[in-house]
Amino acid sequence: QVQLVESGGGLVQAGGSLRLSCAASGSIYSIDAMGWYRQAPGKQRELVATITTRGTTNYADSVKGRFTISRDNAKNTVYLQMNSLKPEDTAVYYCSADARARSWDRNRDYWGQGTQVTVSS
């Protein structure tokens, strides 16, 4: 199976920056799109950003111009650079990967355990 491990979360003041990382490991045949989602208390999980293997990106309107998603395909790692953070960015951030563990598997979505990002005002 594919395991995803996030790192880089923490507490930051409004206007500050954080960089999240997510490394995929385990049995990996292929990884297609990767992305970041977040879930604030009492709210549903929402898309933050996604990136394809070729580098095509997609962002939620709320983070455009402030967050940048990137990936290193050789390292099976996706990053999220978060600048100009706001208190409303406070949430647990989850990494996802559309991946296949073995050649005969179908693609499926894998998720990390999440990392807390807290932005103080």
Side-chain angles (χ1 to χ4, degrees):
Q1 297 298 307
V2 178
Q3 289 90 41
L4 300 176
V5 178
E6 300 104 334
S7 61
L11 173 64
V12 64
Q13 288 188 332
S17 299
L18 282 175
R19 187 188 193 216
L20 304 183
S21 299
C22 172
S25 63
S27 175
I28 301 172
Y29 176 75
S30 63
I31 300 177
D32 294 332
M34 300 185 80
W36 290 94
Y37 292 73
R38 66 187 182 187
Q39 187 167 18
K43 295 187 177 182
Q44 290 188 329
R45 189 174 298 188
E46 63 176 4
L47 168 74
V48 176
T50 61
I51 185 168
T52 68
T53 52
R54 294 187 176 186
T56 301
T57 58
N58 179 53
Y59 295 92
D61 288 342
S62 59
V63 306
K64 282 181 181 177
R66 301 187 298 122
F67 291 10
T68 302
I69 189 171
S70 61
R71 67 189 285 175
D72 184 333
N73 292 329
K75 295 182 179 180
N76 291 326
T77 299
V78 63
Y79 306 95
L80 186 68
Q81 178 66 43
M82 304 185 292
N83 299 328
S84 302
L85 283 160
K86 304 175 181 180
E88 50 263 43
D89 294 318
T90 296
V92 177
Y93 283 70
Y94 296 92
C95 170
S96 75
D98 178 23
R100 196 184 308 184
R102 293 159 295 190
S103 60
W104 57 90
D105 285 336
R106 290 183 177 182
N107 275 52
R108 53 159 286 194
D109 290 332
Y110 290 88
W111 294 89
Q113 80 288 351
T115 184
Q116 177 70 46
V117 171
T118 302
V119 184
S120 63
S121 57

Apply side chain to side chain contact (heavy atoms under 4.5 Å, CB included) to the pair Asp109 and Ser96, showing each step before the final yes or no.
CA-CA 7 Å; Asp109 290 332; Ser96 75; 5.8 Å; no
In this structure, OG of Ser121 is separated from CD of Gln13 (nearest 0.5 Å) by 9.5 Å
Of all heavy-atom pairs linking Ala49 and Leu80, the shortest is CB-CD1, 4.4 Å
Query raised in the report: Hey, does Tyr37 have a side-chain heavy atom less than 4.5 Å from the side chain of Val92?
Result: no
Tyr93 and Val48 have their tightest heavy-atom pair at CE2-CG2, 4.1 Å
*asked:* I'd like to know if the side chain of Arg66 reaches the main chain of Ser84, judged simply by a donor and an acceptor atom lying under 3.5 Å from each other, with no hydrogens or angles considered.
replied: yes
Hits for side chain to side chain donor-acceptor pair (under 3.5 Å) against Thr118, two or more places apart or cross-chain, chain-then-number order -> Gln116
Self-check item: Leu20 side chain near Met82 side chain, heavy-atom distance below 4.5 Å
Solution: yes
Has the side chain of Gln39 got a donor or acceptor atom that lies under 3.5 Å from a matching backbone atom of Ala91?
no
Please check: side-chain N/O of Glu6 versus main-chain N/O of Cys22, any donor-acceptor pairing under 3.5 Å?
no
Tell me whether Lys64 is salt-bridged to Asp61, with the criterion being a basic N under 4.0 Å from an acidic carboxylate O.
yes
Find out whether Asn58 and Leu47 are in side-chain contact, i.e. whether some heavy atom of one side chain is under 4.5 Å from a heavy atom of the other. yes
Separation between CG (Asn73) and OG (Ser30), nearest 0.5 Å, reads 11.5 Å
Separation between CD1 (Ile31) and CZ (Arg100), nearest 0.5 Å, reads 12.0 Å
d(Met34 CE, Asp98 CG) to nearest 0.5 Å is 10.0 Å
Value for CD1 (Ile51) from CG (Asp32), rounded to nearest 0.5 Å, stands at 13.0 Å
What one should report as the nearest heavy-atom pair of Tyr110 and Ala101 is OH-CB, 3.9 Å
Do Arg45 and Trp111 have side chains that get closer than 4.5 Å, going by heavy atoms? yes
Side-chain heavy-atom pair Gln1, Gln3 within 4.5 angstrom cut-off:
yes
Do Arg38 and Val117 have side-chain heavy atoms sitting under 4.5 Å apart? no
Closest non-hydrogen contact found for Val78 with Cys95 is CG1-SG, 3.8 Å
Of all heavy-atom pairs linking Gln81 and Ser17, the shortest is NE2-CB, 4.0 Å
All heavy atoms of Ser21 vs all of Tyr79, minimum pair found to be OG-CD2, 3.3 Å
Taken to the nearest 0.5 Å, the spacing of Ile69 CD1 from Thr56 OG1 works out to 11.5 Å
Within the structure provided, determine whether Thr53 and Arg71 are in side-chain contact (heavy-atom separation under 4.5 Å). yes
Next item on the list: Measure the shortest side-chain to side-chain distance between Leu85 and Phe67 over non-hydrogen atoms and say whether it is less than 4.5 angstrom.
Entry: yes
